[in-house]
Amino acid sequence: MAMAERARIFSGVKPTGHLTLGNYLGAMRRWVEEDQHRADALFCVVDLHALTVEHEPARVRRLTRQAATLLLAAGLDPERCTLFVQSQVDEHLRLSYLMECTASDGEMRRMIQYKEKAAREQARGGSVRLSLLTYPALMAADILAYGTHEVPVGEDQAQHLELTRDLAGRFNERYGATFVMPKVTYPAVAARVMDLQEPTSKMGKSHARTAGIVYLLDEPEVVRKKVIRAVTDTASDVVYERGERPGVANLLDVLAACTGGDPERLAEGYASYGALKRDVAEAVVELLRPARKRHAELAADPAYVDGVLRDGAERARALARPRVDAAYRAVGLMA
Ligand code: TYM
């Protein structure tokens with residue numbers, strides 16, 4: 001990249017459930033506060049990825065618009081960045097097929113998220129969709145189609161990003177330099193926000209048990225209740241130990257992310273879990289307040305949101321098309 005050129009950033013969120021505090025602290029907040037200001041940034045509601053598990057069509061459509069609305073409410077500015085919906089830009093699927101032709105069956109089956117989700121589907125008695133296995137090929141296509149330099153995500157995306165880099169390198173080696181090698185970036189704190197009821201698992205938007213998940217659109221009273229009931233441990237002094245005391249460490253991480261402090265240092269200021277929880281609850285409520293308010297206004301104007309998404313898709317298409325065409329030609333297709 002030439003010095004004067006702005007970095008290209010791409011990231012996405014999957015409309016499989018209501019967006020959570022994990023999504024916000026792990027990803028969205030940086031998109032809003034930093035990325036859209038310093039780079040040529042694209043943010044995508046990746047609706048095709050939501051079809052990899054059992055889904056209800058009307059719900060996916062609703063959640064897609066809700067995610068886009070929340071991203072705008074949180075502060076993404078369509079004048080500064082490109083916000084769009086994945087299925088409205090065909091280039092993702094065009095390139096995904098080439099990624100499937102670049103990846104091996106074995107490396108797809110090694111993906112932790114595939115193994116976990118496939119096991120969950122099977123336990124429910126459902127079948128595992130083939131698209132769940134090929135998901136990382138589509139994710140690689142999302143990123144590589146745009147010549148992306150940086151991908152700001154939470155820590156749970158590490159393995160998929162590693163695979164994306166492998167695929168980019170392999171494709172370039174086989175067929176000539178076509179893709180930019182993307183770099184992954186994580187937030188300094190709260191790169192993995194844990195479930196408040198099960199502090200050894202990630203706070204995930206599609207989990208069935210919701211008591212440990214703070215949704216961005218939860219009422220303040222609901223947020224408070226969830227935080228106050230967070231599972232900690234039987235000790236009573238407040239120290240930051242991720243391995244031994246995951247529940248307390250998670251609360252300290254969230255507090256640090258909200259207030260800009262350091263989790264270990266913050267721990268020193270508390271003599272009891274109760275006081276810590278009260279402060280975390282208030283910090284989260286305050287953090288989410290402006291986006292909640294703005295969301296209510298924007299949700300009343302779906303035509304505006306749809307217009308933003310239409311413009312975004314058009315811009316994204318124009319950016320992706322030449323590179324995807326080049327990739328088609330490189331592998332021997334008559335693009
Ligand atoms: P998704 O929808 O699960 O999550 C969106 C973003 O939120 C981050 N995140 C978290 N960060 C910290 N703690 C948590 N508990 C937490 N939960 C979620 C995720 O790391 C992510 O950055 N595969 C992706 C979507 C995707 C994508 C892409 C991302 C598809 N194509 C291309 C980047 C680039 C996913 O399922 O994200």
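Position 1 is the first residue of the sequence; numbering continues from there. As the structure lists them, so they are numbered: ligands from 1, and atoms in each ligand from 1.
Of the N or O atoms in Gln157, one or more lie within a sub-3.5 Å distance of an N or O in ligand 1. At least one N or O atom of Lys205 sits closer than 3.5 Å to an N or O atom of ligand 1. When only interatomic distances are considered, the shortest N/O to N/O separation between Gly22 and ligand 1 falls below 3.5 Å. Considering backbone and side-chain atoms together, Asp142 places an N or O closer than 3.5 Å to an N or O of ligand 1. Between Glu155 and ligand 1, no N or O atom pair is found at a separation short of 3.5 Å. Considering backbone and side-chain N/O of Lys202, none are found under 3.5 Å from N/O of ligand 1. For the pair Val193 and ligand 1, the shortest N or O to N or O distance falls below 3.5 Å. An N or O contact shorter than 3.5 Å is missing between Ser11 and ligand 1 by distance.
Expressed to the nearest 0.5 Å, how far CG of Leu130 lies from OG1 of Thr134 amounts to 5.0 Å.
Side chains of Arg129 and His55: a donor-acceptor N/O pair is present below 3.5 angstrom, by distance only. With no hydrogens or angles considered, no side-chain donor-acceptor pair links Thr102 and Arg174 at under 3.5 Å. At a cut-off of 3.5 Å, with distance as the only test, no side-chain donor of Thr69 or Gln66 sits close to an acceptor on the other residue.
Inter-residue side-chain proximity for Leu138 and Met99 is flagged as unmet; no heavy-atom pair is nearer than 4.5 Å.
Tyr135 and His49 have tilted rings, their planes meeting at an angle from 30° to 60° on a 0 to 90° scale. Below 30°, between 30° and 60°, or above 60°: for Tyr215 and His18 the angle between ring planes is above 60°, a perpendicular geometry.
In terms of heavy-atom proximity, Ser11 sits nearest to Trp31 at OG-CZ2, 3.2 Å.
Residues His92 and Tyr97 place their aromatic rings such that the two centres sit no closer than 6.0 Å.
Between Cys44, Gly154, Ala191, it is Gly154 that holds the heavy atom closest to atom 8 (C) of ligand 1.
Heavy atoms of Val151 found under 4.0 angstrom from ligand 1 belong exclusively to the side chain. Contacts with ligand 1 closer than 4.0 Å are made by heavy atoms of both the backbone and the side chain of Val13. Looking at Arg192 against ligand 1, only its backbone comes within 4.0 Å, counting heavy atoms.
Of the options Asp195, Val193, Leu21, a side-chain contact (heavy atoms from CB on, under 4.5 Å) to Ile213 is made by Asp195 and by none of the others. If you run side-chain contact (heavy atoms from CB on, under 4.5 Å) between Lys293 and each of Glu297, Arg289, His295, only Glu297 comes through. Results of the salt bridge (Lys or Arg N to Asp or Glu O under 4.0 Å) test with Arg65 over Asp301, Asp306, Asp47 single out Asp306 as the only residue that passes.
Residue Ile143 approaches ligand 1 through these ligand atoms, each under 4.0 Å from one of its heavy atoms: 32 (C), 34 (C). Taking a cut-off of under 4.0 Å to the non-hydrogen atoms of His49, the atoms of ligand 1 that pass are 30 (C), 31 (N). Taking a cut-off of under 4.0 Å to the non-hydrogen atoms of Ala27, the atoms of ligand 1 that pass are 6 (C), 7 (O), 22 (O). Short contacts between ligand 1 and Phe10, defined as distances under 4.0 Å to a heavy atom of the residue, involve ligand atoms 32 (C), 34 (C).
At the shortest separation from atom 27 (C) of ligand 1 among protein heavy atoms lies Met139 CE, 3.9 Å. The protein non-hydrogen atom at the shortest distance from atom 19 (C) of ligand 1 is Asp156 OD1, 3.4 Å. The closest protein non-hydrogen atom to atom 5 (C) of ligand 1 is Asn23 ND2, 3.4 Å. In terms of protein heavy atoms, atom 23 (N) of ligand 1 is closest to Tyr135 OH, 2.8 Å. The protein atom (non-hydrogen) at minimum distance from atom 17 (N) of ligand 1 is Met203 O, 3.7 Å.
With Tyr240 as the aromatic partner, Arg245 does not meet the cation-pi criteria of under 6.0 angstrom to the ring centre and within 45 degrees of the ring axis.
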